[in-house]
Amino acid sequence: MAQPTDHSHQQKPEHNADPAPAGAASPEALAKQFRPIDHEGVIWDRWINARVFHADSSRVLAGAGAEARKPYTILIPPPNVTDRLHLGHAFNNTIQDVLTRAHRMMGFEALWMPGTDHAGIATQAVVEKRLRAYGELKGALKEAFTRDAFVEKIQVFKDEYEAVITGQLKRMGCSCDWDRQRFTMDQQCAEAVREAFFRLFRDGLIYRGKRLVNWDPVLQTAVADDECFDEEIDGNFYYLRYPLVHPHGASTQREREAGTLPPSDAVPVTWSELRARGWDAPEDAAHADEHQAWVTVATTRPETYLGDTAVAINPHDPRAKALKGLCVELPLVGRVIPIVEDSYVVLPESLARTDEGKADPKAKFATGFLKVTPAHDANDHELYQRHKRVMDEFAGGNGRALINIFAPDATISKLHGWSDVGGANIFVGLSREEARRKVVGEFKTRTVGSETSAAALFAKSVPYRHSVPRSDRSKAVVEPYLSDQWYVKVTDERLAKAANEALHSHELNFHPARYAKSYEQWHDNIRDWCISRQLWWGHQIPVWRSGPAGSGDLLALLDKLDRWTSEGRVAYIYDYNPRTVANVLSSPSPRPSDAASFSDHQYAEEQQPATFFVCVRKPRDGEVINALHAVGLLQDPDVLDTWFSSALWPLSTLGWPHATPELAAFNPSSALCTAREIITLWVSRMVMFNRYFMPKGGVEAGGAMVEAQGLGRGPAPFKDVFIHAVIQDGQGQKMSKSLGNGVDPLDIILSHGADAMRFTLCHMATQTQDVRMPVDLVCPHTGEVFAPKFVTNKDGYVVPASIQSSPKDPTKKMVTGYGVASGEVKASAEMPLAKNTSSKFDLGRNFATKLWNAAKFALMILENADKAAGQQESRQKQPVAAASVTLVDRWMLSRLARGVADANSALREYQFSVYAQCVYDLLWRDFCDWYLEAIKPTVEKDASQRAVLRAAIDTMLRLLHPVMPFVTEVLFEAVSRHPRREITGLSLAPPRNSALLASAGWPEASASLIDERAEREFEGMRTLVTAIREVRAQHTVPFKRKIMLHVPPGAPDLGAGRDLAMTLAGLDAISTSAPSGPSVAFSVDALDYRLSNLKDAAEAVDTGAERARLTKVVADLTKSVETLDKRLSNPGYADKAPPHMVQQSKEQLEKARRELAAAQTELSTLA
RNA sequence: GGGCGAAUAGCUCAACGGCUAGAGCACUCGCUUUACAUGCGAGGGGUUCGGGGUUCGAAUCCCCGUUUGCCCACCA
């Protein structure tokens, strides 16, 4: 039931940021301070207006033309429309945007496909809860609303949240191709879902089967596992005795079927008989020979005995042999059920064969006999699958051993599949709890065997604490409930095996690689995928099936169905017996081609209404649908599991089943970025479907229907799967609504800016599984950020206390997100809600500010020079060669070249924190701390240096753009106004679109720019400068005071580093003569340098400070001499370590010894 | 129960068998220094969870244990 949604998003300014103050982003001057909010909206609109995020399939399909590009595609993991995006989404989407923007700049035709997911059960639950909260819904949903009316309510909600989510992504700067935004239930996706279902159904890969679901008896619907929570309760283990009888034999089967078999018909097994069969249980030794024997089962749910259809015993149980061929008779019901052997049954502690077996907690209370209630317990149901033949035979036919004893409201009922009620009528109509008490009561008063026997059916009960699953929504205890469901046969090798093959052939790669293991193991142990849900919000299953009142000329219908089948309009299956249909469908399904003969054969024999399942390919095939309705066939009311449409995401978003240009150009995609929890739910299924529905080698654009061979040999939907870390709070707990520890990305964007948030998140994206982000509070009274006071709540979580005090004024109070979420407090005017934030984002904010200021300074330099030079400089077109520039420029170019290489390899390997760290160090440590400081005295006069400066800032803006798109775009515009001179070896391609950095070329730096000699010389200068600064700090020499450096004879020539050292260390002279006045010595590379003029003549040099400094130097050097000496004196080291290591260590030791001696000499001269 | 991680400075994290174990925040000292105090310079702070092993050499590899997180399965 697809709800057509209009997604023709207009390319119009749509950023919702406050309008920028006049002049804030004016082209003339950059504001003194970087205020993100002044620019984000403006820049966003510029991108959108230029359609710079739009990916054009024609450029991919163009082949080798000038405009031809390789595709780079990322499909967004569509966020659920249940709620606003949280920080985890911000993290996930930042990573995708970094990849998309980087590849767009690298010249790929980059498509980031956006969209949202309808999230079936989650959304329906949220809306239902909302309606209840607003009083619009009371009692059962299905009574209060029609399907259409409720879906309409959800639709309104979905529109609201889809808009919120889309807005959040845009505020973050996500460069999705917003023209192509999809929703998993829009018309295009619905068509893909319909076609995919049809093909799987036609190919025998969808079938109908029985399965236990979590049934919520209050809301009367199935609920998903993740919609349940466990609650520990104090319950009891009840030990019940089941009398042993002989089987009735075949003659009783008909009577049983008719429900007329009297309990007295069973033939008891006596203790003497049992002993004769080899029963040797000490505890039963005292029972009188003539009395009826029994076995004892242990259960927490005695009332379910009404649905028992077997008792199981472990084949290794020594008692099993004596019981072969015997049965038990259920008290009151009179049902005779088989004893089956299954190793699932835990042996009691006394019989356990191994220590492991004895240690099994179940062994403590096990009796060795397990009552099997296949319709009301998942394990029992599995056990039933293994013993289906014998259990069904005893129960009277195929599927009969599945006895459902509950009505949908979980009262005991004989109307939902239970017919052999016998003497158990007294329980009918009772609730589960009432029935439990009454069953126990009856078992206490009744006895095994004859009236004279003393053995009560009830043996004992012992207290037992265990957990029961409850429904999140109604809090009712969930009942395992048997129902008919649709399955995808993913166990078929065309699906699961094909998914693993994609991994083995390296067509699909996980990053980090360890996640491939979870993926592989999942497929190795996969079970068929239940795709039906008893909901209203979702794609309704396109199968029409016989209702209870099926009628009409079925043979005529069959003729029509066969014709429509051959026309590809329907696929159908049917069976004459509703009870067995599940088996017919799950065993090799009759293909459409066999259907006719099958019908001739089966239909003629039994005059019962046939059960049809007709899958209709096109939703508007009126002829077919009307014909089906005419004979009483109705569309299945269930909807598909949300993941069915998600699994088609790489196909549906690109236009499958039509061979669109988009599908041809962008499938398979390049990378999928997601968290590990949905490797199985989503990644696996996308791979299976893409391989199944896409032809080998992809499609040719042309608009025809895509036909695959149906063998699962198509391409995987993506080449790389990047599994990123999960963000937790400061306590290592998951961020969740109920803990109130979530952080809204929009709050961070407001307080720190989108760039700062993105940078910080990227910086956190390490290769580990989890990253912690301590959550702070913003005081609503003062705006201060502070760490809250924590408490441990009843569930053991460490949470902020519900009420917090303002840090500076403790009389002012506020409530926390946790307080509100837990219902402990409500926000009020006196106690407003404190927003969550994290001081971790300061990192990104500071970095953005640094970039802003550095660029502003560089621009000021360039502007001044432009003004002074007039037109002349702009005409200088000849490239600048690295060889012709100064040391610091060569060093900077070398650093840039390395920075580009490092960023490239980090991005290639999905190491986002390495990338962030790399650009951070390049800008802050290299460019700001050293380059800018070094060129201050010279840049005004040196045109080549200005060319390097401009190229450096340009390069860094490009490298930073993927992670900080807004601020770099603003600065790029300003930088672009200055004429650029080519630097040989550094390629900075101009923007392809509207002068926007987002479309500019990724920097390409030739390896020739890497200048090891310049790096070495610069490093030598830097070491000297750092040593001088240390002395200055120790002696508290004012920054502005110029001091004199005395270099010893034999010191290396500073060369080009001489002027740099003077600038950076605050020297006014470098002398080769010894100081005449007071001076301080320090050593670099074991050479004694001295500094003079540290103080005015009147002040004495502080020998205390000097002594302290030297003492530490001596200590450090002593330690390193010891370490190196120890290493070298180890005979194995010289023999086995690589020679260059040994040589290096020797040199280090030599140097350390010389320096130590020098420092010691200095220290002694002080005394 | 099965699988996958983590444990390194007060906090959040790097270091992928070999530099004296490094960053950011916090802390200490100094600095309004004409890009930036959201800053600049300098500094203190480490038994790399514990115990074994492999190796010339271990934070790194292996084994055992402790603590902790996640995913899957299960809970008569």
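In what follows, chains are A, B, ... by sequence order, proteins preceding strands, each numbered from 1.
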With a 6.0 Å cut-off (strictly less than), is the heavy-atom count around OH of Y515(A), excluding the residue itself, greater than 12?
yes

Roughly how far, to the nearest 0.5 Å, is the CD atom of Q917(A) from the CG atom of D902(A)?
11.5 Å

Between C40(B) and K1040(A), is there an OP1 or OP2 to side-chain N/O distance shorter than 4.0 Å?
no

Quick check on C71(B): is either OP1 or OP2 less than 4.0 Å from any side-chain nitrogen or oxygen of T680(A)?
no

What's F847(A) touching, base or sugar-phosphate or nothing? Going by heavy atoms closer than 4.0 Å.
nothing

Counting the atoms with a prime plus P, OP1 and OP2 as sugar-phosphate, which does L843(A) contact under 4.0 Å by heavy atoms, base, sugar-phosphate, or nothing?
sugar-phosphate

C1' spacing across the pair A58(B) / C62(B), given as an integer number of angstrom:
11 Å

Spacing between Q1034(A) atom CD and C29(B) atom C1', to the nearest angstrom
9 Å

Between H724(A) and F91(A), what is the ring plane arrangement, given parallel below 30°, perpendicular above 60°, and tilted in between?
perpendicular

Give every pair of a protein N or O atom and an N or O atom of nucleotides 52-57 of chain B that lie under 3.5 Å apart, one pair per line with the distance.
unit_1	atom_1	unit_2	atom_2	d
C56(B)	OP1	K1136(A)	NZ	2.3
C56(B)	O4'	G1132(A)	O	3.1
C56(B)	O2'	N1130(A)	ND2	2.5

Touch check for Q1144(A), heavy atoms < 4.0 angstrom, all strands: base, sugar-phosphate only, or nothing?
nothing

Just call it for T768(A): base, sugar-phosphate, or nothing, with non-hydrogen atoms closer than 4.0 Å on any strand.
sugar-phosphate

Would you indicate what F841(A) reaches in the nucleic acid, counting non-hydrogen atoms under 4.0 angstrom: base, sugar-phosphate, or nothing?
nothing

Which of these nucleotides, G3(B), A42(B), A35(B), is closest to any side-chain atom of K517(A)?
G3(B)

Is there, by distance only and without an angle test, a donor paired with an acceptor across the side chain of Q33(A) and the base of A35(B) below 3.5 Å?
no

Where does the angle between the aromatic ring planes of F722(A) and Y910(A) fall among parallel (under 30°), tilted (30 to 60°) and perpendicular (over 60°)?
parallel

Check whether any side-chain N or O of K840(A) sits under 4.0 Å from OP1 or OP2 of U12(B), and answer yes or no.
no

Indicate, with a heavy-atom threshold strictly under 4.0 Å, whether F34(A) touches base, sugar-phosphate, or nothing.
nothing

Closest-nucleotide 5' rank along RNA chain B - winner of D377(A) and D921(A)
D921(A)

Where A934(A) and L1064(A) come nearest, the two heavy atoms and their spacing
N-CD2, 3.9 Å

Over 60° means perpendicular and under 30° means parallel, so classify the ring planes of F34(A) and H39(A), tilted if in between.
parallel

Residues F365(A) and A298(A): closest non-hydrogen pair is O-CB, 3.9 Å

Indicate, with a heavy-atom threshold strictly under 4.0 Å, whether T1123(A) touches base, sugar-phosphate, or nothing.
nothing

Name the closest nucleotide to the R514(A) side chain, picking from C4(B), A76(B), G24(B).
C4(B)

Would you tell me if any nitrogen or oxygen in the side chain of N846(A) comes within less than 4.0 Å of OP1 or OP2 on G39(B)?
yes

Using a heavy-atom cut-off of 4.0 Å across all strands, would you classify R772(A) as base, sugar-phosphate, or nothing?
sugar-phosphate

Give S518(A) one of three labels, base, sugar-phosphate or nothing, depending on what nucleic acid heavy atoms sit under 4.0 Å from its own.
nothing

Mind calculating the distance between CE (M764(A)) and C1' (C25(B)) to the nearest angstrom?
13 Å

With K936(A) as the cation and F857(A) as the aromatic partner, state whether NZ or CZ is under 6.0 Å from the six-membered ring centre and within 45° of the axis.
yes

How long is the line joining CD1 of I679(A) and P of G5(B), in whole Å?
11 Å

Would you measure the distance from the C1' atom in U33(B) across to the matching atom in G39(B) and give it in whole Å?
10 Å

Whole-Å distance between C72(B) C1' and R527(A) CZ?
11 Å

Contact class for V914(A) vs. all strands (heavy atom < 4.0 Å): base, sugar-phosphate, or nothing?
nothing

Using the P atoms only, state how far A23(B) lies from U68(B), rounded to an integer number of Å.
32 Å

With a 4.0 Å cut-off on heavy atoms, is K1126(A) in touch with a base, just the backbone sugar-phosphate, or nothing at all?
nothing

Atom pair distance, as rounded to whole Å: CG in D776(A) and C1' in U12(B):
12 Å

Categorize D929(A) for me: base, sugar-phosphate, or nothing, with a 4.0 angstrom heavy-atom threshold over every strand shown.
sugar-phosphate

Please report the distance, rounded to the nearest Å, between CG in L240(A) and P in A76(B).
15 Å

Short side-chain N/O contact to C40(B) OP1/OP2 from W930(A), under 4.0 Å
no

When we call it a touch if two heavy atoms are under 4.0 Å apart, what does K32(A) touch: a base, just sugar-phosphate, or nothing?
sugar-phosphate

Specify the separation, in whole Å, of atom CG of D1116(A) and atom C1' of G43(B).
12 Å

Find the partner of U48(B): check Watson-Crick (N1-N3 plus N6-O4 or O6-N4) and G-U wobble (N1-O2, O6-N3) distances, both under 3.5 Å, and reply none if neither fits.
none

Is the F237(A) ring parallel, tilted or perpendicular to the Y239(A) ring (thresholds 30°, 60°)?
tilted

Taking atom types as they are modelled, is there a donor-acceptor pair under 3.5 Å from the base of C4(B) to the side chain of Q769(A)?
yes

5'-most contact on RNA chain B (nearest-nucleotide basis), M773(A) vs K1119(A), goes to M773(A)

For K371(A), enumerate each residue passing the salt bridge (Lys or Arg N to Asp or Glu O under 4.0 Å) test, keeping only those at least two apart in sequence or located in another chain.
D308(A)

Mind checking the C1' distance from G45(B) to G24(B)? Whole angstroms is fine.
15 Å

Atom C1', compared across G17(B) and C13(B): separation rounded to whole Å:
22 Å

Tell me which nucleotide, if any, is Watson-Crick or G-U wobble paired with C19(B) when both distances must be under 3.5 Å.
none

U54(B) and C61(B), which share atom name C1', separated by this distance in whole Å:
8 Å

Please measure how far the P atom in G22(B) lies from the corresponding atom in G5(B), and state the result in whole Å.
28 Å

Could a donor-acceptor pair under 3.5 angstrom be found where the side chain of K850(A) meets the base of C36(B)?
yes

Please work out if Q731(A) contacts a base, only the sugar-phosphate, or nothing of the nucleic acid, heavy-atom cut-off 4.0 Å.
nothing

Aromatic ring proximity, centroids under 6.0 angstrom, Y238(A) and Y305(A):
no

For G5(B), what is the paired nucleotide under Watson-Crick or G-U wobble rules, both distances under 3.5 Å?
U68(B)

Would you say the side-chain atoms of E1030(A) and Q1034(A) include a donor-acceptor pair closer than 3.5 Å?
no

Pairwise P distance, C64(B) and G3(B) [rounded to whole Å]
12 Å

Send over the distance from R845(A) CZ to G24(B) C1', rounded to a whole Å.
13 Å

